[in-house]
Chemist: 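Below is one structure. I have some questions about it.
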Number of protein chains: 2
Amino acid sequence: MEDQVPLSERYLKTMGRRMTPQRRLVVDILSQAEGHLDATDIYERGRRQDARLSLATVYRTLNILKEAGVVRELHLDDEHHHYELDHQDKHSHLICLSCGRVIEVDSTAFAEAAETIGQLYDFRIASAHVELTGYCADCRRKQEMTD
Amino acid sequence: MEDQVPLSERYLKTMGRRMTPQRRLVVDILSQAEGHLDATDIYERGRRQDARLSLATVYRTLNILKEAGVVRELHLDDEHHHYELDHQDKHSHLICLSCGRVIEVDSTAFAEAAETIGQLYDFRIASAHVELTGYCADCRRKQEMTD
DNA sequence: ATGCAAATGCGAACTATTCTCAAATACATC
DNA sequence: GATGTATTTGAGAATAGTTCGCATTTGCAT
Ligand SMILES: [Mn+2]
Ligand SMILES: [Mn+2]
Ligand SMILES: [Zn+2]
Ligand SMILES: [Zn+2]
């Protein structure tokens, strides 16, 4: 689960882009992260290793990695985006509209369906992203109590 | 395809919220729209029928309708959100990272998988949203020509 | 009809993200 | 290994989507 860096470098080269220490750092941080990081999280962690890293570079890097299909941009809430590496095992997100909790679920079935659709529409899928928004069991229970 | 209004009203009541002319108007605009509207689209169309409608109300209404599961918030690009009614036939979006084109595809299969997952995790799904980002056939062709 | 919590409008405020541009640097080529 | 150039970076200013504050209005339960 460590070295996503060489792989990412290949993706970048394919797009005619360069590998830089800053980009290496962002990929590295994402590959070591447990959860979903936002741009500021990445920026703060990055500064610990490179005190001159700028936030603009973080954003630029994330956008490039997104276009390369290396990174997924998540819309877990409306405040800002979160990011995760797109390689790891296929999973999707259940997002509770009430408490904001994010439950990760396996989505092998979704991934297969996506594959089929991609072929059907002659569309090269870089990233398949399923968001199921709704209400978790806890919140529904609380809801019922106030009725 | 017309009167989504009574249905929406029921959803609102369930959440202890009121039906207002402004909310009626937003639902009505969405139900008559062909494509995906952003907040400003809705605001401008709304002003034609109610010259005092405010943009803040449009945003507030969309957020409430989203929580009620009446409206889906789409992340078609990074500029702003787009919205569509969540009732109509199940479909998903292929979003080209190069040209921004949005292709609508049937996703009955996705919807069924979502249903199963919801039950498995005891999660009441309000909205299932599949975004497949990647590169459309046209853009891939253009890409190859510049290599 | 009455009362009150909820919703609206307006502008100001917030803040995530992008832009600008001079300085630094990756990397293809020699 | 040195050179040249297109790419990338950092810093801050600028942009723009979205939310907030508050006085006023209004839906709707009683
Ligand atoms: Mn995840
Ligand atoms: Mn659509
Ligand atoms: Zn919840
Ligand atoms: Zn395209």
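Throughout, a chain's letter reflects where its sequence line sits, starting with A, and its residues are numbered from 1. None of the values given here were measured: they were computed from a predicted structure.
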Chemist: Please report the distance, rounded to the nearest Å, between CG in B:Leu12 and P in C:dT8.
Modeler: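 My rounded result for the distance is 10 Å.
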Chemist: How are the rings of B:His80 and B:His82 set to each other: parallel, tilted or perpendicular (split at 30° and 60°)?
Modeler: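 Rings of B:His80 and B:His82: tilted, as their planes differ by 30° to 60°.
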Chemist: List the atom of B:Met19, the atom of B:Val5, and the distance in Å for their closest heavy-atom pair.
Modeler: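 Scanning both residues, the minimum pair turns out to be CE-O, 4.0 Å.
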Chemist: In whole angstrom, what separates B:Asp50's CG from C:dA7's P?
Modeler: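 Distance check: B:Asp50 CG to C:dA7 P gives 17 Å.
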Chemist: Answer yes or no: does a side-chain N or O of B:Ser54 lie under 4.0 Å from OP1 or OP2 of C:dC10?
Modeler: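 Result: no.
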Chemist: I need a per-nucleotide contact map over nucleotides 16-29 of chain D, read 5' to 3'. Cutoff is protein heavy atoms under 4.0 Å; write B for the base, S for backbone only, - otherwise.
Modeler: -SBBBB----BBS-
Chemist: Kindly compute the distance separating CD (A:Glu131) from CG (A:Leu74), expressed to the nearest 0.5 Å.
Modeler: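 So the CD of A:Glu131 and the CG of A:Leu74 are separated by 7.0 Å.
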Chemist: Grab the CG-P distance between A:Leu53 and C:dT25 for me, whole Å please.
Modeler: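 After rounding, the gap between these two atoms is 14 Å.
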Chemist: Could you work out how much the helix from C:dA1-D:dT30 to C:dC30-D:dG1 bends, comparing the axis of its first five pairs with that of its last five, to 10°?
Modeler: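 Axis-to-axis angle, ends of the helix: 60°.
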Chemist: Relative to each other, are the rings of B:His75 and B:His81 parallel, tilted or perpendicular (30° and 60° limits)?
Modeler: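 Because their plane-to-plane angle is over 60°, the rings of B:His75 and B:His81 count as perpendicular.
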Chemist: Closest heavy-atom contact between B:His36 and B:Asp41?
Modeler: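 Residues B:His36 and B:Asp41, closest heavy atoms: O-OD2, 4.3 Å.
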Chemist: Measuring from atom CG of A:Asn63 to atom CG of B:Asp78, what distance do you get when rounded to the nearest 0.5 angstrom?
Modeler: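 If I round to the nearest 0.5 Å, the distance is 6.0 Å.
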Chemist: How long is the straight-line distance from CG of A:Leu37 back to CG of A:Leu30, given to the nearest 0.5 Å?
Modeler: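 Reported to 0.5 Å precision, the distance equals 6.0 Å.
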Chemist: Would you mind reading off the distance between B:Glu67 atom CD and C:dA6 atom P, rounded to a whole angstrom?
Modeler: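 After rounding, the gap between these two atoms is 15 Å.
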Chemist: Using distance alone, with no hydrogens and no angle criterion, decide if B:Gln32 and B:Asp28 have a side-chain donor and acceptor under 3.5 Å apart.
Modeler: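 Their side chains do contain a donor-acceptor pair, which is all the 3.5 Å distance test asks for.
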